[in-house]
Q: 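Before anything else, here's the structure in question.
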Amino acid sequence: MGLQIYNTITKNKEVFQPLNPGHVGLYVCGPTVYGDAHLGHARPAVTFDVVYRYLTHLDYKVRYVRNITDVGHLVGDGDQGEDKIAKKARLEKLEPMEVVQHYTLGYHKNMQSLNTIAPSIEPRASGHIIEQIKMTQEILDAGFAYEVNGSVYFDVVKYNEQHAYGKLSGRKIEDLLSETRTLDGSSDKKNATDFALWKKAAPEHIMRWPSPWSDGFPGWHLECSAMSTKYLGKQFDIHGGGLDLLFPHHECEIAQSVAACNSEPAKYWMHNNMITINGQKMGKSLGNFITLDQLFSGEHKLLDQAYSPMTIRFFMLQAHYRSPLDFSNQALLAAEKGLERILGGLTTLDKIKASESSSVEIQEAIDGFFKAMNDDFNTPIALSHLFDLVKTINNLKASKATINQTDLDLLKNHLHVCIFDILGLKPSQTPTTQNSKEDEIMQILLELRKKAKENKDYETADLLRDRLLEIGIQIKDSREGTTWQKS
RNA sequence: GGUCACGUGGCCGAGCGGUUAGGCAGAGGUCUGCAACACCUUUUACGGCGGUUCGAAUCCGUCCGUGACCUCCA
């Protein structure tokens with residue numbers, strides 16, 4: 001069976017069939033660059049990186065578009081007309097684009113650490129004001145928007161008369177109209193459900209562009225519609241993002257596209273679930289907010305230690321992307337060990353020598369891996385098959401089983417493809433510093449210990465071993481000899 | 001309050017009508033001068049109560065608990 005994807009809009013797993021054979025258009029909602037990238041940013045990045053990698057592995061030519069939001073998202077409470085970037089800029093006395101640049105570079109650095117492949121196109125909202133003005137005009141022309149005092153709003157009630165607003169998130173307009181909290185001071189809208197396409201800027205607002213309606217800035221749902229249309233067309237294959245964007249963001253995107261282009265933007269909607277910390281949602285106000293830099297350095301009160309980017313990646317792959325994932329030190333430590341086991345198996349594999357015949361069955365596990373990936377990117381199941389193969393490798397190493405050359409080649413090839421190409425894992429930097437004075441000194445110490453052992457002077461041998469352990473260096477004895485590792 | 005999810009062994013986390021998921025931890029073993037590391041083997045489970053069924057963690061009802069969205073959010 002081919003690839004199946006869970007489509008949020010139909011609430012079903014569907015066989016994936018691209019709109020244009022051999023090609024896939026993939027759009028993912030990217031970050032708003034007004035702060036350091038955090039644990040939450042890593043989930044969609046890793047999730048859709050695997051989607052991108054797997055589609056590529058299946059020989060699709062994928063155009064992967066992920067936006068950078070650098071304008072337009074209003075600050076949380078109250079409709080003050082000031083966006084996040086501008087607020088941050090004002091607080092830090094910086095040019096807005098300075099703020100944007102700083103956090104964009106940080107985001108890129110973190111994403112690179114996580115070994116995510118950069119998107120084919122990474123468009124910025126501020127670079128597509130013209131497209132957004134054009135789309136606003138199209139929606140006005142189609143009769144689904146109205147202008148009030150220099151601002152333009154999408155008329156959700158009118159739209160709903162001809163189309164189903166809420167079909168993605170399963171909401172009914174009557175409920176929305178009766179439930180939406182009444183926010184004073186934003187009375188320009190005809191109905192509470194309406195949302196801004198263009199917003200007139202207050203005099204003190206520092207991010208502003210001219211438009212037919214006012215000097216202002218685009219509404220906060222419009223950029224994704226404008227940029228996905230520009231780079232992927234009016235209809236494309238997959239639209240992804242965090243579950244928290246389902247409503248209202250993605251719902252509004254659909255409405256905008258239907259109003260302007262008369263077609264729904266995406267065929268498949270994919271949503272990754274959220275990360276919780278000790279069972280609670282992560283949020284700045286909750287004080288359990290962890291940035292990726294803090295995670296990688298271990299400098300946070302909730303962290304017992306530093307966790308490598310690959311540990312974080314592996315941790316996320318061990319859960320299905322549609323399940324919520326709870327963060328804890330214990331869980332991350334387990335992921336760290338699990339990742340070591342997988343990568344260790346790969347190292348061991350290089351030492352395996354082929355025999356005349358095979359006593360092991362490896363095709364089953366390989367098939368299992370791909371079957372799991374085909375089943376809506378079920379990475380935890382896929383990984384479980386890789387763990388089975390690692391066990392097989394260890395048994396081969398211990399001479400409890402044999403493998404012939406054909407199977408050995410098959411195993412090597414597939415394991416590299418699965419682990420590196422598809423799951424995007426990579427070995428950590430060599431723990432021992434090679435060719436350094438440190439290594440030379442260690443070799444001398446190991447030599448001394450070897451001599452002591454040969455003379456049955458275990459007191460000296462153990463002293464060396466224990467003292468080194470105290471300063472964080474572990475001696476590893478094995479049949480092949482003794483190695484060391486910083487812990 | 002409205003809408004929607006979810007509750008699996010010490011922990012994380014798959015499965016979603018009948019077969020051991022997997023990882024971590026624990027236990028036993030191999031290796032070792034003794035250890036550590038590594039590897040091998042292995043115990044513990046499906047929130048409560050009803051119902052459907054030959055058979056339910058898996059379907060239905062109900063109760064309890066947790067979370068998400070409804071407001072910027074990944």
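The shown structure was predicted, so the numbers you read here are calculated from the model rather than taken from an experiment.
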Q: Answer yes if the side chains of A/Asn67 and A/Thr69 hold a donor-acceptor pair under 3.5 Å, and no otherwise.
A: yes
Q: Just checking A/Gln112: does its CD atom have more than 12 heavy atoms from other residues, nucleotides or ligands closer to it than 6.0 angstrom?
A: no
Q: Detail all sub-3.5 Å separations between protein N/O atoms and N/O atoms belonging to nucleotides 13-23 of chain B.
A:
from	atom 1	to	atom 2	distance (Å)
B/rG13	OP1	A/Asp326	N	3.1
B/rG13	O2'	A/Gln318	O	3.4
B/rA14	OP1	A/His320	N	2.7
B/rA14	OP1	A/Ser323	OG	2.9
B/rG15	OP1	A/Asn378	ND2	3.2

Q: Expressed as a whole number of Å, how far does the C1' atom of B/rG22 sit from that of B/rG17?
A: 23 Å
Q: Apply the side chain to side chain contact (heavy atoms under 4.5 Å, CB included) test between A/Tyr27 and each candidate in A/Tyr64, A/Tyr231, A/Phe236, A/Phe48; give the one that qualifies.
A: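 Only one option passes, and that is A/Phe236.
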Q: Expressed in angstrom and rounded to an integer, what is the separation of A/Lys451 atom NZ from B/rG33 atom C1'?
A: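 Spelled out: NZ on A/Lys451 to C1' on B/rG33 is 18 Å.
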Q: Reading RNA chain B 5' to 3', how would its secondary structure be written in dot-bracket notation, given Watson-Crick and G-U pairs with both distances under 3.5 Å, brackets [ ] for crossing pairs and | for partners on other strands?
A: (((((((..(((.....[...))).(((((.......)))))....(((((..]....))))))))))))....
Q: Rounded off to whole Å, could you give me the CH2-to-P distance for the A/Trp220 and B/rC73 pair?
A: 10 Å
Q: Round to a whole Å and report the spacing from CD of A/Gln330 to C1' of B/rC24.
A: 8 Å
Q: Which nucleotide sits closest to the side chain of A/Lys400: B/rA36, B/rC40, B/rG33?
A: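 The answer is B/rC40.
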Q: Quick one: A/His221 NE2 to B/rC73 C1', roughly how many Å, whole number?
A: 12 Å
Q: Between A/Ser478 and A/Asp462, which residue's closest nucleotide on RNA chain B lies nearer the 5′ terminus?
A: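 Nearest-nucleotide comparison on RNA chain B picks A/Asp462.
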Q: Hey, does A/Pro44 have a side-chain heavy atom less than 4.5 Å from the side chain of A/Tyr321?
A: no
Q: Is any side-chain heavy atom of A/Pro96 closer than 4.5 Å to a side-chain heavy atom of A/Ile206?
A: yes
Q: Any N or O donor-acceptor pair linking the side chain of A/Asp477 to the base of B/rA35 at under 3.5 Å?
A: yes
Q: Does a side-chain N-to-carboxylate-O contact under 4.0 Å join A/Arg467 and A/Glu470?
A: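 Yes, A/Arg467 and A/Glu470 are salt-bridged.
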Q: Heavy atom of residues 360-367 of chain A under 4.0 Å from RNA chain B: which residues?
A: none
Q: Do A/Pro218 and A/Trp198 come close enough that some side-chain heavy atom pair is under 4.5 Å?
A: yes
Q: From the set B/rC4, B/rA74, B/rC34, return the single nucleotide nearest to any side-chain atom of A/Lys11.
A: B/rC4
Q: For B/rG55 versus B/rG65, give the span between their P atoms, rounded off to a whole number of Å.
A: 32 Å
Q: Suppose you measure atom P in B/rG7 against the same atom in B/rG48; what distance do you get, rounded to whole Å?
A: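 About 13 Å, rounded to a whole number of Å.
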Q: Give me the distance, rounded to whole Å, that separates B/rG50 from B/rU43 when you measure between the C1' atoms they each carry.
A: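 Each nucleotide's C1' atom is 32 Å from the other's.
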Q: Scan A/Arg322, A/Lys371, A/Lys13 and name whichever one has a salt bridge (charged side-chain N to carboxylate O under 4.0 Å, His left out) with A/Asp376.
A: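 Of all the options given, the one that passes is A/Arg322.
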Q: Taking the side chain of A/Pro44 as its heavy atoms from C-beta onward, which of B/rC69, B/rG33, B/rA74 lies nearest to it?
A: B/rA74
Q: Rounding to an integer number of angstrom, what distance separates B/rA5 and B/rU42 when you compare their P atoms?
A: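 My reading of the P atoms in B/rA5 and B/rU42 gives 39 Å.
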Q: Could you state the CG-C1' distance from A/Asn272 to B/rA68, rounded to the nearest angstrom?
A: 13 Å
Q: Using the C1' atom as the point on both nucleotides, what is the distance between B/rU62 and B/rG26, in whole Å?
A: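 Straight-line distance between the two C1' atoms is 38 Å.
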Q: Any heavy-atom pair between the side chains of A/Leu176 and A/Tyr165 that's under 4.5 Å?
A: yes
Q: Just the rounded figure in Å: distance from C1' of B/rA36 to NZ of A/Lys476.
A: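 The distance from NZ of A/Lys476 to C1' of B/rA36 comes to 10 Å, rounded to the nearest Å.
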Q: From B/rA74, B/rG33, B/rA36, pick the nucleotide closest to the side chain of A/Ile275?
A: B/rA74
Q: Side chain of A/Leu176: nearest nucleotide among B/rC70, B/rC37, B/rA35?
A: B/rC70
Q: Take atom P in B/rC34 and the same atom in B/rG15, then report the distance between them in whole Å.
A: 46 Å
Q: Look at the side chain of A/Phe247 and decide which nucleotide, out of B/rC34, B/rC69, B/rC40, has an atom nearest to it.
A: B/rC69
Q: Would you measure the distance from the P atom in B/rC39 across to the matching atom in B/rG18 and give it in whole Å?
A: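 That atom pair is separated by 33 Å.
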Q: So, do A/Leu408 and A/Leu349 sit near enough that their side-chain heavy atoms are less than 4.5 Å apart?
A: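 Yes, at least one pair of side-chain atoms sits under 4.5 Å.
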Q: Return the value, rounded to whole Å, for the distance between atom NZ of A/Lys397 and atom P of B/rC31.
A: 15 Å
Q: Once hydrogens and angles are ignored, does a donor-acceptor distance under 3.5 Å link the base of B/rC37 to the side chain of A/Arg465?
A: no
Q: Can you say whether the rings of A/His239 and A/His250 are parallel (under 30°), tilted (30 to 60°) or perpendicular (over 60°)?
A: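 Answer is perpendicular, since the angle exceeds 60°.
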Q: What's the spacing between A/Leu39 CG and A/Leu292 CG if we round to 0.5 Å?
A: 6.5 Å
Q: Within this structure, what is the CG-to-P distance between A/Asn394 and B/rC37, rounded to whole angstrom?
A: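 Computing the A/Asn394:CG to B/rC37:P distance gives 16 Å.
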Q: Got more than 12 heavy atoms from elsewhere within 6.0 Å of CD, A/Gln443?
A: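 More than 12 within 6.0 Å, yes.
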Q: Could you check A/Lys456 against A/Ser328 and say which one's nearest nucleotide on RNA chain B is further toward the 5' end?
A: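 The residue mapped nearer the 5' terminus is A/Ser328.
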Q: If we only count heavy atoms from C-beta on, is the A/Tyr103 to A/His108 side-chain gap below 4.5 Å?
A: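 No. Closest side-chain heavy atoms not under 4.5 Å.
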